[in-house]
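So the structure is just underneath, and the comments pick up after that.
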Amino acid sequence: MVAEKNMDASKSLSFVHVQEISARLQLLGDPQKAEVLKRFFKTGPGEYGEGDVFVGIRVPEIRKLAKEYQVLSLLETVKLLQSSIHEARVLALLIMVRAYAKSEVSLKEKIYNLYLQHTRFVNNWDLVDISAEHIVGSHLRYRSKAPLHALAASNLLWERRIAVMATFHYIKHGEFTETLHVAGMLLSDTEDLIHKAVGWMLREIGKRDHTAEEVFLRAHYKHMPRTMLRYAIERFPEDLRQQYLKGIV
């Protein structure tokens, strides 16, 4: 009887509406935390997160909500992704990631396509980083990488970050070719958030295969953005790191 009640409760969540979730997020929010998050995610005039709205909920709390709302309908999840509230978009993406991991092939395709159709709402680095590898990277692992290259060539900052962060999925499987290809496409990018993401992924390659990272760096380090280089060589022995920074490798 208890199992039946729990099952009925889970099923009912698929009929929960975005307005109810948004209201709950507002109640769970902390105005003081919201102010801290607004500064951390650069929401001021002219900054990359300009105008974003925070209610003040930390990611671990949102992950608990994602588990609770994991059977939310895909339609309502996409509506939630379009919310003006940052934490609501985090929640929507975490629900999509969970759904993608557990779905059959046809639904995975639908989730992937909806994600790419709504990238304008995946509009801060944390939103990209919690979702890109799990949806885009995973979906394209055994498929053409043309969509990944299109994202890397996008005029939209967040799509370019999606492109490089999606390749984290491949790095974790010991596959570096796509990361290095996308990194090459983004060497002349003007955005600091791209420099950091590319440098981070190069560093992740280096953790698994130092030679693979160094081959790329030796070919490009003199021309790559300084932040990208610093992120990439962060774990190098100090003497080698200094050689790269001084351009004498």
Side-chain angles (χ1 to χ4, degrees), residues 37-52 86 116 119-120 122-134 136-137 140 145-172 174-249:
L37 291 170
K38 282 169 64 177
R39 291 193 296 272
F40 184 73
F41 286 102
K42 309 296 184 183
T43 63
E47 296 181 311
Y48 59 75
E50 181 176 357
D52 206 353
H86 187 95
L116 290 188
T119 52
R120 65 191 180 278
V122 189
N123 58 349
N124 213 312
W125 59 264
D126 64 318
L127 302 176
V128 172
D129 295 359
I130 63 172
S131 60
E133 65 171 291
H134 304 294
V136 178
L140 297 179
K145 302 301 186 294
L148 205 63
H149 304 158
L151 288 166
S154 171
N155 290 326
L156 184 62
L157 161 63
W158 307 118
E159 290 191 340
R160 300 199 303 279
R161 184 154 177 130
I162 286 169
V164 65
M165 291 308 301
T167 71
F168 205 175
H169 180 81
Y170 314 136
I171 293 173
K172 289 177 178 178
E175 302 162 6
F176 311 135
T177 301
E178 280 307 315
T179 303
L180 296 174
H181 180 82
V182 171
M185 292 181 67
L186 296 172
L187 282 173
S188 60
D189 202 284
T190 60
E191 294 287 349
D192 188 61
L193 286 174
I194 299 301
H195 304 166
K196 290 177 179 177
V198 172
W200 175 16
M201 291 302 99
L202 291 173
R203 186 173 73 238
E204 290 295 333
I205 290 175
K207 287 180 184 178
R208 296 157 175 85
D209 187 335
H210 181 81
T211 300
E213 181 186 6
E214 273 225 76
V215 167
F216 182 88
L217 287 178
R218 285 173 182 266
H220 301 292
Y221 83 99
K222 290 185 177 180
H223 310 290
M224 66 171 51
R226 199 69 166 175
T227 298
M228 188 184 295
L229 177 62
R230 286 186 178 278
Y231 269 60
I233 64 175
E234 188 176 272
R235 291 175 175 266
F236 280 20
E238 183 60 21
D239 58 340
L240 181 58
R241 198 177 73 84
Q242 288 299 324
Q243 288 176 40
Y244 272 102
L245 292 174
K246 294 173 182 176
I248 57 173
V249 175

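All heavy atoms count here, side chains included; hydrogens, waters and symmetry mates do not. Numbering starts at 1 and runs along the sequence shown. Source: prediction; values computed, not measured.
- Enclosure of atom NZ in Lys207 by more than 12 non-hydrogen atoms of other residues, nucleotides or ligands within 6.0 angstrom is indicated.
- Residues Phe41 and Tyr48 approach most closely at O-CE1, 3.5 Å, considering heavy atoms.
- Atom-to-atom distance recorded for Thr43:OG1 and His86:NE2 is 10.5 Å, nearest 0.5 angstrom.
- Rounding to the nearest 0.5 Å places OH of Tyr170 at 10.5 Å from CD of Glu133.
- The aromatic rings of His181 and His149 sit tilted, their planes meeting at an angle between 30° and 60°.
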Checklist entry - Between Glu204 and Thr179, does a side-chain contact (heavy atoms from CB on, under 4.5 Å) hold up when you go through it step by step? => result CA-CA 10 Å; Glu204 290 295 333; Thr179 303; over 6 Å; no
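- Under the 4.5 Å side-chain criterion, counting only non-hydrogen atoms from C-beta, Ile194 is in contact with Arg161.
- Looking only at atom types and distance, the side chain of Tyr221 has no donor-acceptor partner in the side chain of Gln243 under 3.5 Å away.
- Contact detail for Val122 and Trp158: the closest heavy-atom pair is O-CB, 3.3 Å.
- The two residues Arg160 and Asn155 make their nearest non-hydrogen contact at NH1-O, 3.3 Å.
- Of all non-hydrogen atoms in Met201 and Ile171, the two that sit nearest each other are O-CD1, 3.6 Å.
- Heavy atoms only, all atoms of each residue included: Ala197 and Met165 are closest at CB-SD, 4.1 Å.
- Counting non-hydrogen atoms of other residues, nucleotides and ligands closer than 6.0 Å to CZ of Arg208 gives a total above 12.
- Shown are Leu151, Asp129, Leu127; of these, the side chain to side chain contact (heavy atoms under 4.5 Å, CB included) with Ile162 is made only by Leu151.
- The NE2 atom of His220 lies 5.5 Å from the CG atom of Leu187; values are rounded to the nearest 0.5 Å.
- Rounding to the nearest 0.5 Å places CD1 of Ile205 at 11.5 Å from CD of Glu175.
- The distance from the CG atom of Leu37 to the NZ atom of Lys42 is 13.0 Å, given to the nearest 0.5 Å.
- Distance check, rounded to the nearest 0.5 Å: NZ of Lys145 to OG1 of Thr167 gives 11.0 Å.
- No donor-acceptor distance shorter than 3.5 angstrom exists from the side chain of Gln242 to the backbone of Glu238, with no hydrogens or angles considered.
- Between Asn124 and Asp52, the shortest heavy-atom contact is ND2-OD2, 4.2 Å.
- One N or O on the side chain of Arg226 and one on the backbone of Leu245 form a donor-acceptor pair closer than 3.5 Å.
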Next on the checklist: Applying side-chain contact (heavy atoms from CB on, under 4.5 Å) to Trp200 and Lys196, what does each step give before you reach the verdict?
Outcome noted: CA-CA 6 Å; Trp200 175 16; Lys196 290 177 179 177; over 6 Å; no
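- At least one donor-acceptor pair closer than 3.5 Å links the side chain of His195 to the backbone N or O of Asp189.
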Item to check | Test log, rule side-chain contact (heavy atoms from CB on, under 4.5 Å), inputs Tyr244 and Arg218 | outcome: CA-CA 9 Å; Tyr244 272 102; Arg218 285 173 182 266; 3.5 Å; yes
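- Shown here is Lys38, whose NZ atom has no more than 12 heavy atoms of other residues, nucleotides or ligands within 6.0 Å.
- Using cut-offs of 30° and 60° for the angle between ring planes, the Phe236 and His210 rings count as tilted.
- The side-chain heavy atoms of Arg241 and Arg235, taken from C-beta on, include no pair separated by under 4.5 Å.
- A side-chain donor-acceptor contact under 3.5 Å links Thr119 and Glu159.
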